[in-house]
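Numbers restart at 1 for each chain; the letters A, B, ... are given by sequence-line order, proteins then strands.
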There are 2 protein chains.
Amino acid sequence: MLNIVRSVAISYLGKVMKPVSHPDIDDIAAADVFAALADPIRLGILVALADVPEVDKARCNSFTEFASPSLLSYHFAKLREAGITRFRVEGTSRYLSIRREDLDRRFPGLLDSVLETARRDPNLPRLSGPLTVC
Amino acid sequence: MLNIVRSVAISYLGKVMKPVSHPDIDDIAAADVFAALADPIRLGILVALADVPEVDKARCNSFTEFASPSLLSYHFAKLREAGITRFRVEGTSRYLSIRREDLDRRFPGLLDSVLETARRDPNLPRLSGPLTVC
DNA sequence: ACGTAAGTTCAATGATCATTGAATTTCCGG
DNA sequence: CCGGAAATTCAATGATCATTGAACTTACGT
């Protein structure tokens with residue numbers, strides 16, 4: 001019942017804006033960023049994301065080859081809470097992207113060398129095909 | 001008894017070379033490096049090490065303000081096992097240094113941006129004075 | 001040979017982590 | 001309104017982690 005009311009209210013606004021909280025990049029400690037990067041699956045996600053030309057267009061669904069939906073959700077949250085990725089909710093889909101500008105300002109040069117480093121690692125999971133954007 | 005024999009044998013060689021094993025840098029996965037960096041104490045050690053002009057001259061003892069000897073030993077091992085630092089044993093002292101050349105070859109640009117990132121972090125522990133070299 | 005300083009090792013602790021599967025929420029299309 | 005698709009949440013698991021303090025090793029100086 002309450003759900004119906006809320007659903008109507010949100011629909012009335014025309015756009016669904018689920019409150020997915022993103023931390024202020026200045027509140028992130030260096031150690032927390034490295035902790036978020038200390039996992040092969042998350043590094044694989046990051047590399048795949050970096051290779052998407054269009055920003056904010058990668059659906060979560062694209063990474064099912066890496067892990068189960070439930071586990072992916074866990075890793076997505078880790079990346080988001082470390083200030084590394086951004087989330088956008090649209091309908092039942094979620095789109096994610098790298099917070100490039102924020103990261104470059106707070107940790108200059110880090111993202112690029114991390115990506116370079118990760119790309120060289122043969123042990124990381126990789127998508128079999130190009131990431132379907134849409 | 002056996003200890004006496006071994007002690008004599010090593011002393012006879014003139015130099016003490018305790019077998020502190022260092023991993024081949026090519027065996028290190030990217031995620032393992034980031035895991036080693038995901039701790040404020042270890043980042044503090046790394047930054048302090050980077051500021052020492054002479055290589056291989058920083059005594060373990062220098063970091064007692066960061067943690068207890070026992071805990072320091074634990075963190076030193078983490079850094080060493082991730083291929084980030086090098087150890088040299090001389091008498092009862094241990095000297096440590098950053099494996100700069102190795103890291104720069106295997107993970108180009110990473111160390112510098114990590115140091116830059118870590119230096120900006122106000123939450124990291126810092127040595128009260130300059131690191132006594134000798 | 002003795003005492004001490006420098007570090008390590010070990011066992012124990014509580015905390016956090018990665019993973020799984022089942023249940024749940026949320027939304028879209030018919 | 002109903003069924004399915006997308007993704008999250010929750011509880012439970014075993015593993016690893018950071019921290020502590022006590023015991024131990026090793027070497028130096030006297």
- Whole-Å distance, B:Arg59 CZ to C:dT8 P, equals 13 Å

- Item | Parallel, tilted or perpendicular: ring planes of B:His22 versus B:Phe87, cut at 30 and 60 degrees | tilted

- Atom pair CZ (A:Phe76) and CG (A:Leu96), whose distance is rounded to the nearest 0.5 Å: 5.5 Å

- Note on the structure: Regarding the side chain of B:Arg94, the nearest nucleotide among D:dA6, D:dT8, C:dG7 is C:dG7

- Query: Taking OP1 and OP2 of C:dA6, is either one under 4.0 Å from a side-chain nitrogen or oxygen of B:Thr92?
  - Reply: no

- Partner set under salt bridge (Lys or Arg N to Asp or Glu O under 4.0 Å) for A:Arg86, not counting sequence neighbours: A:Glu101

- Overall bend - the helix from C:dA1-D:dT30 to C:dG30-D:dC1, comparing terminal axes fitted on five pairs, nearest 10 degrees: 20°

- Counting primed atoms, P, OP1 and OP2 as sugar-phosphate and everything else as base, the B/S/- map of nucleotides 15-24 of chain C against protein heavy atoms under 4.0 Å is --SBBBBB--

- Message: Assess whether a salt bridge exists between B:Arg105 and B:Asp26, defined as any Lys/Arg side-chain N lying under 4.0 Å from an Asp/Glu carboxylate O.
- Response: yes

- Quick one: label B:Ser73 by what it contacts on the DNA or RNA (base, sugar-phosphate, nothing), any heavy atom closer than 4.0 Å. base

- Item | Whole-Å distance separating the CZ atom of B:Phe76 from the P atom of C:dT9 | 13 Å

- Query: Rounded to the nearest Å, what distance is computed from the CD atom of residue A:Glu90 to the P atom of nucleotide C:dC27?
  - Reply: 12 Å

- Please determine if a side-chain N or O atom of A:Asn61 lies less than 4.0 Å away from the OP1 or OP2 oxygen of D:dA7. yes

- Expressed in angstrom and rounded to an integer, what is the separation of A:Glu81 atom CD from D:dT8 atom P? 12 Å

- Message: To the closest 0.5 Å, what do you measure between CZ (B:Arg99) and CD1 (B:Ile25)?
- Response: 4.5 Å

- What do the steps show when you test B:Arg119 against B:Asp51 for salt bridge (charged side-chain N to carboxylate O under 4.0 Å, His left out), and what is the final call? CA-CA 11 Å; B:Arg119 265 190 260 266; B:Asp51 290 339; 2.7 Å; yes

